[in-house]
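Fair warning: this is a prediction, and the values are worked out from it, not measured in the lab. Side chains are part of it too, since the values below use all heavy atoms of this structure and drop only hydrogens, waters and symmetry mates.
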Amino acid sequence: MLQTIGYSVFAAIFNVGWAATQVSHMSMVNCITLNSTTRVVLASCRNAFTMVANLSLYAVAFVVFNIVGAGTPAAVENQYRWIAYISIFIGSCFVVMFAIGTREPRLKLEAHVKGYVRISWMYWFKKILYHQVALVYVLTRLVTNVSQAFLAFYVINDLQMSLSSKALVPAIIFVCSFVVSILLQEIKWTSQRLKGFYTAGGLLWVLCGIGILLLPRNMNAYMYILSIFIGIANALIMVTGVGMQSVLVGRDLNGCAFVYGSLSFMDKMICGVALFILESYQRSTPELHNCNPSYHFFSLNRYALGLVPAVCALLGVIVTCSMNLQTPILVPLEEPLLG
């Protein structure tokens, strides 16, 4: 009991720090530039380097597992401790580089004047677009978080692939998301393109969800192909979903922290509840070892990875199509981002 409380406290402290970092970093995008295309490009770049961070963690784990022995449970614990130490050190170095090397360029004077006016919370709550963007963002995070949480269980328990696939399939997803995020930076973004690319990513996830639901164990190699399209879909919906938040903020710079903070709060609360509900039923699912390999048994893992993200993606597409996004603001970037 005491150990559980201790882990819970440290997990809570970590998430407070993570939320503060995430909200401030995402808000800074709108303070750097008023150009809508540049804002989406920065969001795309942010998503790309998120994939780089995920892949870097795989690289660190690979090096540690090959250098540090794991003959006993204590040795395995020592491996993960070293992975944590190295990851924290690398992250701290990049935080220092970011704080020293990045400065906010001056925006137009009129944007600053309007941005300094205090914006009430009710200003955002009265906007229909705020609720639409919030719903799309929460649904998008449900797609990515739920799929990431149940991917390894589905690959190992349902498809009974090799243990290496537990790392290879997510790695393929991260690489594809990285490539697509880089390609999205070359597009001149408009409101219609934001909606169009989100719709494409959402529908692609629906097709991937159908494939996951129907994929039999004896055709598990096709999971590698599905992972490519999952990575593409994740990048499309994440980049455009964050881009919609930038359109919502517009020139109201003094309210961007509230927008990102409130949406992040809703995302974490709803994702936490959803994962708690799904994982509470995970132990009650039957074993699949004696099932026919050509039969797609509908386990909880299959539903959680295939059905839940697909439904959330479809709902996100429906809400996106109903949005009335404003015409993007085209303001040139006056100063370089790096000083």
So does [Y] get a backbone contact from the side chain of [X], meaning a donor-acceptor N/O pair under 3.5 Å?
| X | Y | value |
| --- | --- | --- |
| Thr37 | Trp189 | yes |
| Thr190 | Arg193 | yes |
| Arg217 | Leu159 | no |

TODO: Measure the shortest side-chain to side-chain distance between Val155 and Gln160 over non-hydrogen atoms and say whether it is less than 4.5 angstrom.
DONE: no
- [ ] Not counting sequence neighbours, which residues clear salt bridge (Lys or Arg N to Asp or Glu O under 4.0 Å) with Arg46? List them please.
- [x]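 Arg46 satisfies salt bridge (Lys or Arg N to Asp or Glu O under 4.0 Å) with no residue once adjacent residues are dropped.
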- [ ] Just jot down the salt bridge (Lys or Arg N to Asp or Glu O under 4.0 Å) partners of Arg141, sequence neighbours excluded, or say none.
- [x] Asp267
Open item on the list: To the closest 0.5 Å, what do you measure between OH (Tyr303) and OH (Tyr154)?
Closed with: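 Reported value, rounded in 0.5 Å steps: 12.5 Å.
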Exercise answer: donor-acceptor pairs, residues 53-64 side-chain atoms, under 3.5 Å, sequence neighbours excluded:
| from | atom 1 | to | atom 2 | distance (Å) |
| --- | --- | --- | --- | --- |
| Asn54 | ND2 | Thr50 | O | 3.3 |
| Ser56 | OG | Val52 | O | 2.7 |

TODO: Over 60° means perpendicular and under 30° means parallel, so classify the ring planes of Trp124 and Tyr130, tilted if in between.
DONE: tilted
Task: Partner set under side chain to side chain donor-acceptor pair (under 3.5 Å) for Ser87, not counting sequence neighbours - done: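 Residues passing side chain to side chain donor-acceptor pair (under 3.5 Å) with Ser87: none at all.
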Scan the side chains in residues 197-215 for donor-acceptor partners under 3.5 Å anywhere in the protein, sequence neighbours excluded, and list what turns up.
| from | atom 1 | to | atom 2 | distance (Å) |
| --- | --- | --- | --- | --- |
| Tyr198 | OH | Thr140 | OG1 | 2.7 |
| Thr199 | OG1 | Lys195 | O | 2.7 |
| Trp205 | NE1 | Asn234 | OD1 | 2.7 |

Return all side-chain donor-acceptor pairs below 3.5 angstrom for residues 92-99, not counting sequence neighbours, or 'none' if the list is empty.
| from | atom 1 | to | atom 2 | distance (Å) |
| --- | --- | --- | --- | --- |
| Ser92 | OG | Ile88 | O | 2.8 |

- [ ] Compute the centroid of each ring, for Phe258 and then for Phe265, and state whether the two points are separated by less than 6.0 Å.
- [x] no
